[in-house]
Amino acid sequence: MIISQTEIAIPNAQNVSVTENTLTVDLEDGRTLSAPLGWYPRLANATPEEREHWRLIGQGSGIHWDDIDEDISIEGLLLGKRSGESQGSFERWLATRRR
């Protein structure tokens, strides 16, 4: 577990699953977080196989998808933050996938 600047313990992730509509993360403290997949455009546009190819980073403080170059922090999920990627950056990424 890491401690944020506000001295609140942020639990680490233990497992991740992604469906067509939802990102779900199981935390080490027993909670399960879910967020709409639409909050993360790269995940929403990924294939099912790409969505399954994730790994925990920072001892579980974040999740990374190599195939789509996406990172999501557990702290961000707990705070209800959506992807911070700009529309221009996302559109350039999407264009490379169409090639």
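All values below were derived from every heavy atom in this structure, side-chain atoms included, with hydrogens, water molecules and symmetry-related copies excluded.
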Asks: Side-chain contact, heavy-atom cut-off 4.5 Å: T47 with D67?
Replies: no

Asks: Could you go step by step and tell me if I57 and D71 meet the side chain to side chain contact (heavy atoms under 4.5 Å, CB included) rule?
Replies: CA-CA 9 Å; I57 55 176; D71 294 298; 3.6 Å; yes

Asks: Which residues pass the salt bridge (charged side-chain N to carboxylate O under 4.0 Å, His left out) test with R92, not counting sequence neighbours?
Replies: none

Asks: Rounded at 0.5 Å granularity, tell me how far CG in L23 sits from CD1 in I63.
Replies: 5.5 Å

Asks: Taking only residues two or more places apart in sequence or in another chain, which ones pass salt bridge (charged side-chain N to carboxylate O under 4.0 Å, His left out) with E85?
Replies: R42

Asks: Between CD1 of I10 and OG of S61, what distance do you get to the nearest 0.5 Å?
Replies: 10.0 Å

Asks: Measure the spacing between CG of N45 and CH2 of W93 and express it to the nearest 0.5 Å.
Replies: 5.5 Å

Asks: Looking at every non-hydrogen atom in both residues, tell me the closest pair between G60 and I74 and how far apart they are.
Replies: O-CG1, 3.3 Å

Asks: Is it the case that one hydrophobic cluster holds both L94 and L37, taking links as side-chain heavy atoms less than 4.5 Å apart, direct or via other members?
Replies: yes

Asks: Give, for atom CG of L77 and atom OG1 of T24, the distance between the pair rounded to the nearest 0.5 Å.
Replies: 10.0 Å

Asks: Between H64 and E70 (side chain of the first, backbone of the second, donor and acceptor by atom type, cut-off under 3.5 Å), is there such a pair?
Replies: yes

Asks: Does Y40 form a side chain to side chain contact (heavy atoms under 4.5 Å, CB included) with I68? I'd like the steps, not just the answer.
Replies: CA-CA 11 Å; Y40 309 101; I68 59 171; over 6 Å; no

Asks: Apply the test side chain to side chain contact (heavy atoms under 4.5 Å, CB included) to residues N12 and L27: give CA-CA distance (whole Å), side-chain angles for both, the deciding distance (0.1 Å), then the verdict.
Replies: CA-CA 6 Å; N12 291 326; L27 303 178; over 6 Å; no

Asks: Hydrophobic cluster membership, with links at side-chain heavy-atom distances under 4.5 Å among I/L/V/M/F/W/Y: are I72 and F90 in one?
Replies: yes

Asks: Determine, step by step, whether L78 and R31 satisfy the side chain to side chain contact (heavy atoms under 4.5 Å, CB included) criterion, reporting the C-alpha distance in whole Å, the side-chain angles of both residues, the deciding distance to 0.1 Å, and the verdict.
Replies: CA-CA 11 Å; L78 285 165; R31 288 182 285 173; 4.0 Å; yes

Asks: Going by atom types only, do D26 and T32 share a side-chain donor-acceptor pair under 3.5 Å?
Replies: yes

Asks: Just so I know, are the side chains of W54 and N15 near enough to count as touching, which here means a heavy-atom distance under 4.5 Å?
Replies: yes

Asks: Determine which pairs satisfy salt bridge (Lys or Arg N to Asp or Glu O under 4.0 Å) with at least one residue from residues 44-59, sequence neighbours left out, and list them in order.
Replies: E50-R97, R55-D66

